[in-house]
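What follows is a set of notes on a single structure, which appears directly below.
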Amino acid sequence: MKNLFFILILVFSSCANDDFKKVETLDAFRILAITSSNSEVAPGGSSVLQLFISDTKGGGRVISGTIEACIDPGIAFGAEVGCDHDPTRTTASYTIDTINDANLGVSNLYTGFAAATYTANIPATILLGRTAREQYNGVSYIVIFSFNVDGAVVKSFKRIVATTRSGLNANPTISNVSINGNVASAKPNKDDVLTLTTSVAEDYSYQNVDDSLEARSEVFEVAWYVSEGEINKPKALSSESVKYKSTPPTSPMLLIAVLRDGRGGIAVHRDVF
Amino acid sequence: MPARAFVFFWFFLSTLKAQEAIQLHGRLWEMGTKKPLAQANLFILPYKLKATTNQKGEFSFSDVPKSSCQIIINISGYKKFEEKDLCLADQDNLNIYLEKISYTTFETTVSAKVIKRDDQSMSLTQEEFLKMPGSFGGDPVRAAQNLPGVGQSGASAQIIVQGAGVDDTAYTIDGHRVPNVFHFGGLSSIVSPESVEHIDFLPSGYGPEYGKAMGGVIGLSTKPPMQDRWHGMAFMDLLNTGAMAEGPLDEDKSSLLISGRYSYIGQVLKAVAKESDDFALTAAPTFYDVTSIYKRQINENNKFKTTFVASRDELELVLNKSAGNDTALRGDFENVSSFMRLIPQLSTDLDTHTKMENSLGLGRDAILFNINGRYLDIDAKVISHRSELVREWGPTYKTYIGLDNYFTFSTVKVNLPNFYMVGGVNNPFSVGDQRKFVSKEQNSELAAYLRQEIKTSADSKWTYLPNFRLDHFTVNSDTTMAPRFQVRYQWDATLLLRASIGQYVQPPLPQETSQYYGNPGIKSPYAIHYTTGFTKDFRQGTTQGLELTNNYFYKDLKRLVISDVQTNYANKGTGKIFGGEIQAKYRMNDWSSQIVYTYLHSRRTIPGYGTTPSEFDQTHNLNLIAGYNRGRWTYATRLRYVTGNPYTPIIASTYDSDNDVYIPTRGPLYSKRFDDFKSLDIRIDRKFIYDTWILTGYLDVQNLTNSKNSQFIEHSYDYSQSNQVNGLPILPTLGAKGEF
C-alpha cells in the first residue's frame with residue numbers, strides 16, 4: 001500500500017520537462033512502428049514484419065542492423081528484451097536504405113516503410129507445456145531489430161502472438177486524417193484540430209487469471225508525429241481530437257498517425273505536405 | 001509620656017474604626033490557560049492582610065479597610081502581580097490572572113512523562129514535537145525525523161528507519177496497527193498533533209511486544225482528555241485548519257476529546273493547475289481526519305479509554321498526457337484512501353503487583369486507485385487485539401505475557417498489469433501482463449509473547465531480559481519462534497549500558513502472496529538485530545546540562561521478497577544494515593540544542609545484480625537543532641544534512657512497438673546518488689496572552705536556503721535524457737492557533 005505513493009509520483013511526473021525532446025517531434029533515427037501481416041497466428045504460422053522508420057535529420061543514409069527472433073522470455077513479467085535464453089532463436093541482418101527505398105528518400109523526408117521485410121516463422125511447439133490460459137491468450141514470439149546509429153544502439157521489438165483462439169486479430173485501418181473536419185490536404189495551422197477515421201474496433205475474449213472469460217473490445221490508441229512543431233496530446237484515443245500547437249514550417253512537413261489496437265495490430269498513415 | 005501615647009493610640013484606633021470595611025472574594029488564575037492557582041499567597045498592603053488560595057484558586061479577605069490598598073501576589077514562575085484600587089468596594093467575584101514567565105507552545109495540555117519500556121526506543125512528547133522546526137506546524141511524525149536513525153524519506157514520504165525499506169516499518173496508534181500515518185505526500189500525519197501524547201520510535205532491538213515489522217516501529221500514543229475543565233483549540237495555516245475540544249463529562253470520572261482537521265491545500269493546487277495542458281483536476285485533492293478520545297475511571301482498579309481515528313484522502317484528475325509516455329497512464333485518475341479505527345482499551349489493576357491491559361482495534365481500510373479503467377480496489381475490515389498481563393513477582397523478577405493478533409476480512413478487486421520494479425525502476429504499465437480478478441480473503445496474524453525482566457538480586461546492576469515471541473501468519477502458513485534477548489547494566493545512576501540480539505519477522509505484503517498476482521509460496525522475510533549502546537546523563541538531577549545517547553546496530557536481513565520473472569516474487573534477496581548513531585541533548589537556561597548524527601550502510605544482495613546499496617543507504621545523516629525561549633517568543637532552527645539517496649541509472653531502452661513505450665535497461669542497481677540533501681528550517685512562535693485564552697502565531701519555514709534536494713529522476717520518453725527533480729523549495733507556513 002505504501003508503494004502506491006510511487007504511482008502518484010509517476011502520475012504527477014507526467015508534467016513533461018520542457019527541456020526534453022518531444023515524443024511527437026521527429027528528428028533523429030527512430031522506429032515508429034513495426035507492422036506485421038498477422039499479429040496473431042496459430043502455432044506454426046508466420047507473419048511478415050516491416051519497419052516504419054523516421055530519419056528526418058539523417059540526410060539520407062544506409063543503416064544496417066540485425067534481427068533476432070525467439071520465444072518471449074517473459075517481458076511482461078520483467079525479463080530483459082533478448083533472445084539469449086532460447087537455443088532455437090534465429091538471427092538475420094536487416095538494411096534500411098533511406099535514400100533509395102521506395103517509401104523513403106528526400107521527398108518523404110526519409111520517413112516511411114523500409115523496403116526490407118522479415119518473415120517470422122513461429123515454432124509449431126510454442127504452446128507445448130503452457131497453461132490453458134497461456135494457450136488461449138497466446139504466447140508471444142518476439143522479433144528484435146537492433147541498429148547502431150550515430151554511436152547509439154536503437155533497439156525495438158514486436159510480438160507475434162501464437163494462440164489457440166479461433167478468431168485471430170486483424171490489423172486496424174486508417175481511412176484518412178482530417179484537419180478541422182476536412183480530409184487533410186495541406187499543412188495544419190496552429191491550433192488546427194486533427195482527427196482520424198478508422199476501421200471499427202473488434203471484439204474478442206480474454207481469459208483472466210481466475211480462468212473467467214472476459215468479453216473485450218479493442219481500444220484504438222493513436223500516436224501522432226510531426227516533423228516540425230508540437231501536438232497537445234501526442235498519444236490519444238482514436239476517438240479524441242488533438243491540436244497542432246505550432247506555426248507550420250515553410251519547408252515540407254510530415255504528419256503521421258500510428259494506430260494500435262492493443263493486440264499487436266498496427267496501421268500507419270503518412271502525409272507529406 | 002504613657003498618657004500621650006495612649007491618647008495617640010486611641011485616636012488612631014478611632015480613625016480606623018471610622019473607616020468602612022469591605023469584603024474581597026475571588027479566584028486566582030493562570031493567565032491564558034485559566035488554570036486555578038492553588039496554595040498561592042495574596043497580600044494586601046499596607047494592612048499586611050494575607051489570604052491563601054484553595055484548590056480551586058479561591059481566596060477571601062474580610063474586613064479590609066475601604067481604601068486604595070495594594071494587592072501583591074508573588075509566586076515563583078509567574079510575573080509579580082501588583083494592583084491598587086481594588087479595595088474601594090466589595091468584590092464578590094474578583095478574577096485575578098497571573099502571567100507566567102514562560103509559556104510552552106500548547107499550554108493547555110501537559111504531556112506526561114514518557115515511561116520507556118525499551119531502552120532502544122526514543123520518544124518525543126507533545127511539548128517537544130509541537131515546537132520542532134521543520135515539522136509543518138508541530139506534526140509529530142515529521143518531527144520524528146529529527147531522531148537518530150530516521151532517514152530522509154525522499155519521494156517515498158514515509159519514515160525511513162535505519163536504512164530499512166518503507167514496508168518494513170509498522171505504524172501503530174495506541175499499540176494497534178494502522179496502514180499509514182501520513183496523508184498525501186507526507187505533508188502531515190493522520191492524527192491531529194494536539195491529541196497525541198507522545199510518539200515512540202523503535203528502530204532496532206525492540207522487545208517482544210512489537211512484531212510484524214523487521215525494520216522498525218513508529219507508535220503514536222493518544223493523550224487522556226483533560227479532566228479539570230473544558231478546553232478548546234482552533235488553528236489555521238496555509239495547508240489546513242482544525243479544532244479540538246476536551247474536557248470532563250462528569251465530576252471526576254470521565255472525559256472526552258474531539259478533534260478534526262481539514263486540508264484545503266487542494267484548492268490551492270487546483271487553482272495552480274487550472275491552466276495545465278498535462279492534467280486537469282476534476283476534484284481538488286483533499287484530506288481530513290477526526291480523532292476522538294473518551295476516558296473513564298470505572299472504579300479504583302479499572303480504567304477505560306476509547307480512541308477513534310478516521311482519515312480520508314481523495315484525489316481526482318484527468319491526465320491529458322500519458323504519464324511517463326506510458327499509454328496506460330492517461331485519462332481519468334482517481335485515488336481515495338481511508339481508514340478508521342475504534343480502539344477500546346481496558347486497564348485493570350488485579351492487585352498491587354499485577355496489571356492487565358486489554359484492547360481491540362476495530363476498523364476498516366479502503367484504497368481505491370483507478371486510472372482509465374485499470375484499478376486496485378481494496379476494502380478490508382480489520383480487527384486487532386492486544387492483551388497483556390504484567391506481574392511483578394518481586395524486586396528481581398517481572399513478567400509480561402501478551403497476545404498481539406490481527407485479523408483482516410478483505411475484498412480485493414484488481415484490474416492491473418503485472419508491476420515489475422527492480423532497483424527502484426519500474427517497467428511501463430503497458431508492458432505488464434494484465435490481471436483482473438476479485439479476491440475475498442480472510443487472514444490472521446497471531447502472536448504471543450513473553451517478556452521477562454530478571455535481576456540476580458534486588459540491588460544488582462544487571463538486568464536480563466530473555467524474551468520470546470511466537471508469530472503465525474495464515475497468509476503463507478508461516479510460524480516463527482523469535483527469541484529476543486536484552487541485557488542492561490546500570491553502571492551508576494547516570495550511565496546505562498545495554499545490548500540486545502533478536503529475531504524480527506514480518507508477513508509478506510498482500511500482493512506478494514496473491515495467487516493471481518504474486519506467489520503463494522512466499523515465506524516471511526525476517527531480520528536478526530544486534531544492538532549495543534549507552535545513555536549517559538550529565539545533568540546531575542537537574543534539567544540543565546547534557547544527555548548523551550550512543551547506539552550501534554547491525555541488521556542481517558533474510559528471505560527478502562524481490563520481483564521475479566518466473567514466479568512474480570521470490571524470497572531471493574538478502575541484506576545487511578549496520579552503523580552507529582549519537583544523540584547529544586544540551587539544555588542551559590533559555591537555550592536547548594541537539595546534535596543527532598547517524599552513520600550507516602544499508603546493502604542488499606539480489607541474484608543477478610550482486611550486492612548493492614539499498615534505496616535508503618544514507619551514509620551520513622546529521623541534524624543540528626537549536627531552540628531559544630524567551631518570554632513570549634520561541635525560536636527554533638534545524639540544519640539537516642543527509643547523504644544523497646542512491647538510484648539506479650538507466651543506460652538504454654528498447655522500443656516496444658506493440659505498446660508504443662520504451663522499456664528501460666537498468667545499469668548497476670543503485671550505483672549513482674542524488675546530490676546530498678541539505679535543509680535549513682526555522683520556526684518562530686509568538687504568544688499573545690489574554691486573560692482567558694492564548695493566541696499563538698507561528699512561522700515555520702522549511703528549506704530556508706532553497707536547496708534543490710533532488711528526490712527522483714524524470715526521463716525523456718526514450719530514457720535518453722534525464723533530470724533530477726527537486727524536492728520542496730523554500731516553503732513558509734504561517735499559522736495561528738487560539739486556545740483556552
Side-chain angles (χ1 to χ4, degrees), chain A residues 1-17 19-23 30-35 39 51 73-81 137 144 152-159 206 208-210 212 214 221 223 232-237 245 258 260 262-264 266, chain B residues 155-158 166-167 179-180 184-185 276-279 315 319-325 327 329-330 333 335 337 367 369 371 378 417-418 420 422 426-427 431-438 516 563 565-566 568 652-660 663 665 712 714 716-717 720-721 723 725:
Chain A
M1 289 184 185
K2 293 169 190 168
N3 274 332
L4 270 179
F5 186 74
F6 174 81
I7 296 168
L8 288 178
I9 291 282
L10 202 66
V11 166
F12 282 104
S13 69
S14 65
C15 312
N17 186 325
D19 295 331
F20 287 167
K21 56 189 181 182
K22 305 293 178 191
V23 66
R30 281 170 72 180
I31 294 168
L32 303 183
I34 305 172
T35 62
S39 62
L51 297 186
I75 295 166
F77 303 95
E80 296 272 347
V81 179
N137 292 333
I144 306 167
V153 174
V154 178
K155 189 174 170 184
S156 58
F157 75 100
K158 167 146 190 75
R159 302 171 186 81
Y206 183 86
N208 283 314
V209 284
D210 59 2
S212 62
E214 181 188 355
E221 302 264 1
N232 69 335
K233 290 185 193 175
K235 296 184 179 186
L237 295 174
K245 287 173 59 181
V258 178
R260 292 177 170 84
R263 302 166 66 198
I266 297 176
Chain B
S156 75
Q158 301 292 336
V166 293
D167 291 313
N180 211 340
F184 278 138
S276 172
D277 278 345
D278 297 330
F279 65 88
L315 169 67
L319 283 167
N320 295 327
K321 283 187 176 173
S322 305
N325 286 298
T327 48
L329 298 179
R330 62 184 297 279
F333 175 84
N335 184 210
S337 62
I367 287 183
F369 168 81
I371 182 159
I378 300 174
N418 183 59
Y420 182 81
V422 168
N426 67 294
N427 282 2
V431 176
D433 183 46
Q434 190 78 16
R435 312 289 174 92
K436 183 179 180 183
F437 59 87
V438 177
Y516 302 128
S563 288
V565 172
Q566 269 78 41
N568 296 321
S653 65
T654 302
Y655 182 57
D656 177 348
S657 170
D658 297 315
N659 294 302
D660 192 25
I663 301 172
T665 303
F712 60 96
E714 62 175 351
S716 61
Y717 66 89
S720 62
Q721 295 170 289
N723 180 47
V725 178

>> Given heavy-atom pairs under 4.5 angstrom as the criterion, report whether the side chain, backbone, both or neither of B/Ser563 touches chain A.
In response: neither
> Do B/Ser720 and A/Lys21 have a side chain donor and acceptor closer than 3.5 Å?
Replying inline: yes
> Is B/Tyr655 reaching over with its side chain to a backbone N or O of A/Leu32, donor-acceptor style, under 3.5 angstrom?
Replying inline: yes
> Looking at CG of B/Asn659 and CD1 of A/Ile75, how far apart are the two atoms once the value is rounded to the nearest 0.5 Å?
Replying inline: 10.0 Å
> Relative to chain B, which segment of A/Leu237 carries a heavy atom at a distance below 4.5 Å: side chain, backbone, both, or neither?
Replying inline: both
> Tell me, side chain or backbone of B/Asn427 under 4.5 Å from chain A's heavy atoms, or both, or neither?
Replying inline: side chain
> Checking A/Ala236 against chain B: side chain, backbone, both or neither under 4.5 Å from a heavy atom?
Replying inline: both
> Is it the side chain or the backbone of A/Arg30 that comes within 4.5 Å of chain B heavy atoms, both, or neither?
Replying inline: side chain
>> Counting heavy-atom pairs closer than 4.5 Å to chain A, which one of B/Ile663, B/Val565, B/Val725 comes out on top?
In response: B/Val565
>> At a 4.5 Å cut-off on heavy atoms, which part of A/Asp19 comes close to chain B: side chain, backbone, both, or neither?
In response: backbone
> If you take all heavy atoms of B/Arg435 and A/Phe77, which pair is closest and at what distance?
Replying inline: NH2-CE2, 2.7 Å
> Quick one: does A/Tyr206's side chain get under 4.5 Å of B/Lys436's, heavy atoms only?
Replying inline: no
>> So for B/Gln566, is it side chain, backbone, both, or neither that comes closer than 4.5 Å to the heavy atoms of chain A?
In response: neither
> How long is the span from the CG atom in B/Asp658 to the CZ atom in A/Arg260, to the nearest 0.5 Å?
Replying inline: 7.5 Å
> Does the distance from a Lys or Arg side-chain N to an Asp or Glu carboxylate O, for B/Asp660 and A/Lys235, drop under 4.0 Å?
Replying inline: yes
> Should B/Asp656 and A/Arg159 count as an ion pair when the cut-off is N to O under 4.0 Å?
Replying inline: yes
> Any side-chain heavy-atom pair from B/Ser657 and A/Ile266 closer than 4.5 angstrom?
Replying inline: yes
>> For the OH atom of B/Tyr516 and the CG atom of A/Asp210, what is their distance to the nearest 0.5 Å?
In response: 5.0 Å
